[in-house]
Amino acid sequence: MDDNIREEIRQLKLELKKAHREVKRLHRENNILSTMNEQANRFREFSEAKKGRQEYYTRMFVENSPNISIMLDSQLKTLLATEQYYQVGRCTTEEINDGLPIATVFHGVMEYPECKHLESVCQVALTEQREIHYIEKLNVERQELVYDVYIHPVTGIEEGEKCLMLIMVNITDIISAKEKAETADKAKSSFLANMSHEIRTPMNAIHGMAEFIIRDTTDIFARENAILIKNASTSLLTIINDILDFSKIEAGKMELINSSFQLASLLVDVAAIIRIKLKDSKVSFVLQIDPEMPRGLIGDEIRIKQIMVNLLNNAVKFTQDGTITLRMGCRKLGDDNTVKIYGSVADTGIGIKPQDLGKLFSSFQQVDTRRNRSIEGTGLGLAISRRLCESMGGTLGVKSVYGQGSVFSWTMVNQVDDWTPIGTIGKGDIQNQEKLFQYTFIAEKAKVLVVDDNKVNLKVAEGMLSPYRIQVVTVESGYEALELLKQQHFDIVFMDHMMPIMDGVETLQKLRLLPSHEKDVVVALTANAVAGVQDEYLQLGFQGYLSKPLGDKELDECLHSFLPSDTIYKLDKPFTSRMDEVDRDILMQVYTEGHKKIKLFMDLLEAEDWSRYTIEVHALKSVAAHIGQKQLAEMAKAHEKAGKSGDYQYIYRNFDRLLAQYGALLTYISEKFAEELFLPKQEQNLSAISSEQLSKKTVQLQEALEDYDLDRLEELLQELLGCQLDSARHKLLSQMKDACGEFDYDTLEKLMAQWQNANKS
């Protein structure tokens with residue numbers, strides 16, 4: 001074989017090897033492509049499955065979301081809504097998916113203004129790119145549903161696209177539960193108020209009657225028994241007050257009412273209370289007060305006194321002999337007008353075991369009960385005192401040695417109103433507060449004018465002036481006072497400050513412009529007793545100042561100062577005053593005016609006449625203080641303060657409580673003085689009335705009621721009240737007259753039916 005053929009064969013073999021290698025390469029690439037294709041198919045299948053699952057979960061979320069969720073585009077048109085929307089909304093899925101303006105999405109379940117409001121809120125959230133949250137209401141099948149509305153800006157599919165997510169959470173059940181809880185809380189408060197009234201009413205009657213006996217009887221045996229009755233009723237009232245106070249604290253409703261007060265006066269009152277309790281014991285009471293303490297403080301005087309009396313009462317209960325010492329001092333804080341007060345009550349009593357110290361301030365617990373089982377009390381006094389100290393920025397603690405005595409120490413933070421040092425409080429300042437005031441002169445020739453818009457205050461002033469036998473004239477307005485002063489001369493004019501239309505200051509200014517009245521003696525009457533106020537009244541032109549409730553000593557000094565000497569006749573033998581008749585008249589006046597005042601309060605609140613409302617609650621505060629209703633007086637004082645400071649929300653929140661307390665007082669008076677209020681008196685010279693005349697009057701009453709002629713109705717009722725009728729019918733007539741004054745037609749109709757039945761029998 002020649003060389004050429006061999007070379008060609010060799011070249012063919014080389015080409016064949018190359019072809020084999022190429023086939024193998026193509027085969028490998030084909031395998032790779034097949035694998036990649038298989039993987040691509042698997043990935044496509046996985047993606048489609050995942051997409052399906054995502055679509056499934058998205059659909060499940062949309063269909064089962066408990067909230068209404070709506071996606072809005074940049075034009076505030078709908079993109080998507082959860083199934084919950086279709087449970088309350090009127091639009092279909094197709095309409096929502098096609099894109100509806102948000103203002104029409106809730107058409108039919110929201111009023112048009114609310115729909116437009118929702119649209120404007122969404123526009124603000126979109127423009128400002130901020131979240132907005134508010135509460136909206138939907139009316140679905142005559143049921144009002146309440147929703148929390150959350151509007152969140154979100155990013156759309158396209159770059160830079162701004163969208164919104166509207167989420168509405170149904171909180172109707174939460175609101176309902178909240179209202180039920182508030183109702184239950186109100187029911188609890190109402191129950192406490194009612195129980196307080198039901199218990200206090202007979203206890204106050206017992207206490208008051210005992211006081212009358214102590215004051216007026218000359219029988220030593222009767223007086224001693226009356227003192228025992230009074231002390232027992234006081235103990236029971238203390239227990240009742242502790243329970244009610246603790247309930248208020250637990251409910252978070254114990255409010256501190258801060259005002260200016262004189263520290264010396266508070267200490268004298270506290271010391272007098274304790275000295276009375278220690279009158280027949282072997283225990284001496286020591287008062288150690290830092291003479292550099294400021295004279296005037298700002299705080300809740302009643303609660304501060306309550307803390308001190310609680311601790312001192314506790315010491316009295318567990319101390320048989322030795323001493324009880326009340327110490328008090330203070331330290332100035334960084335603020336120029338703030339001090340931290342340090343006080344303590346130390347006794348030489350039975351002391352407390354170390355293992356009992358831990359439960360000393362627990363509610364309704366007394367330590368060493370076997371040894372102290374004869375000691376009365378609820379075990380709340382110390383718990384209440386600690387809570388009150390803490391609310392005043394302080395603490396209350398105890399150190400004790402069993403068998404030797406205890407020291408209760410407390411702190412509190414107070415503002416200072418007057419930095420003048422209190423000085424030394426001597427024994428002469430601690431007097432028995434139960435002693436009756438002794439009158440040393442009469443002034444039958446003297447003539448005074450009392451100006452006050454409140455009839456009860458006028459009655460009180462008359463009663464307090466009556467022992468002096470002074471000629472007293474009363475008027476109810478500044479205008480009446482000016483007209484009367486133009487015609488008559490008075491030795492003293494007692495002028496109330498806060499009166500409607502023309503207050504005491506304006507009346508005084510106009511009086512000074514009258515000829516020959518430039519130097520008339522005018523004394524301001526006001527419940528405003530803060531430090532420095534006396535100087536303010538003197539600068540305004542008043543010659544004197546008396547704070548309400550009027551005090552015997554202060555009034556006596558005022559009369560001594562301003563009555564002409566030739567009208568005063570000094571007595572060789574001082575006397576005390578009997579106030580039985582005056583007290584009853586005052587309470588009857590309170591009852592007579594009470595229902596009209598309640599109606600007036602409601603009208604003023606509705607009209608938002610805050611100026612007149614403030615004046616009226618100021619008068620109520622004074623009235624309540626005069627008749628010993630401290631709780632009502634404090635409530636009225638808080639309303640007056642809110643009216644002056646513009647805190648009208650406080651008035652709205654607490655208005656029902658004020659009226660409830662006022663109404664409870666009127667109910668108490670009506671029960672306590674039923675005979676004076678409803679039964680005819682012999683000295684009234686009542687007119688006789690025949691059956692025929694009575695029937696005729698009854699027909700006229702019915703006609704007046706049907707015609708809504710309340711003036712005629714009241715006139716007929718007044719005529720019948722002057723007739724000789726039994727007590728039951730007189731009571732019905734009085735109740736109808738009260739209802740007439742309150743425009744209470746429903747009650748009038750019920751009482752009229754009772755009246756007709758009473759006349760048939």
Side-chain angles (χ1 to χ4, degrees), residues 436-497 499 502 504 507-508 510-512 514-526 537 541-589 592-593 619 622-623 626 683:
L436 295 177
F437 184 77
Q438 289 190 323
Y439 299 90
T440 59
F441 72 94
I442 57 175
E444 294 178 300
K445 295 180 181 179
K447 192 174 182 181
V448 303
L449 174 66
V450 184
V451 187
D452 199 310
D453 64 299
N454 189 280
K455 291 182 179 179
V456 175
N457 289 343
L458 294 176
K459 204 73 177 177
V460 169
E462 285 184 283
M464 296 196 70
L465 289 166
S466 63
Y468 298 98
R469 302 182 190 176
I470 294 173
Q471 301 174 50
V472 182
V473 179
T474 62
V475 293
E476 297 181 28
S477 69
Y479 176 78
E480 291 178 272
L482 291 174
E483 292 300 312
L484 192 59
L485 286 164
K486 290 176 184 177
Q487 305 167 17
Q488 302 181 41
H489 169 75
F490 293 91
D491 296 303
I492 302 176
V493 178
F494 292 102
M495 183 78 69
D496 181 38
H497 178 190
M499 296 186 292
M502 186 190 301
T507 304
L508 174 66
K510 291 187 177 182
L511 174 64
R512 297 300 185 215
L514 297 178
S516 71
H517 288 278
E518 298 86 355
K519 297 183 179 180
D520 283 5
V521 176
V522 184
V523 176
L525 295 178
T526 178
Y537 281 111
F542 291 93
Q543 276 78 13
Y545 153 88
L546 288 175
S547 63
K548 300 177 184 176
L550 297 176
D552 292 314
K553 183 180 178 181
E554 291 75 17
L555 178 60
D556 189 82
E557 291 174 351
C558 179
L559 294 173
H560 255 302
S561 300
F562 296 115
L563 284 179
S565 57
D566 60 350
T567 64
I568 295 178
Y569 176 74
K570 293 189 177 181
L571 302 170
D572 295 332
K573 184 179 180 180
F575 69 97
T576 58
S577 173
R578 289 188 57 168
M579 296 293 288
D580 290 20
E581 294 299 322
V582 175
D583 288 343
R584 182 167 61 250
D585 291 342
I586 291 172
L587 288 176
M588 290 183 66
Q589 187 67 54
T592 302
E593 295 293 317
S622 178
V623 169
H626 279 311
E683 59 267 23

Do [X] side-chain atoms and [Y] backbone N/O form a donor-acceptor pair below 3.5 Å?
| X | Y | answer |
| --- | --- | --- |
| Thr567 | Pro564 | yes |
| Asp491 | Lys447 | yes |
| Arg512 | Thr507 | no |
| Gln471 | Val448 | no |
| His497 | Ala524 | no |
| Arg469 | Ala446 | no |

Step by step, work out the side-chain contact (heavy atoms from CB on, under 4.5 Å) result for Val450 and Leu465.
CA-CA 10 Å; Val450 184; Leu465 289 166; 4.2 Å; yes
Rounded distance (nearest 0.5 Å) linking atom [atom1] of [X] with atom [atom2] of [Y]:
| X | Y | atom1 | atom2 | value |
| --- | --- | --- | --- | --- |
| His517 | Leu485 | NE2 | CG | 6.0 Å |
| Leu559 | Ile442 | CG | CD1 | 13.0 Å |
| His489 | Ser516 | NE2 | OG | 10.0 Å |
| Glu557 | His560 | CD | NE2 | 9.0 Å |

Please report whether the ring centroid of Phe441 lies less than 6.0 Å from that of Tyr468.
yes
Hey, mind stepping through Thr474 and Glu462 against side-chain contact (heavy atoms from CB on, under 4.5 Å) and telling me if it holds?
CA-CA 8 Å; Thr474 62; Glu462 285 184 283; 3.9 Å; yes
Quick check on side-chain contact (heavy atoms from CB on, under 4.5 Å): which of Tyr537, Phe542, Phe562, Tyr545 does Val523 satisfy it with?
Phe562
Test side-chain contact (heavy atoms from CB on, under 4.5 Å), reference Leu449, set Val472, Leu484, Ile492, output is Leu484
Does the side chain of [Y] come within less than 4.5 Å of [X]'s, by heavy atoms?
| X | Y | answer |
| --- | --- | --- |
| Glu444 | Ile470 | no |
| Phe494 | Leu546 | yes |
| Met502 | Leu482 | yes |
| Asp496 | Val451 | no |
| Leu525 | Met495 | no |

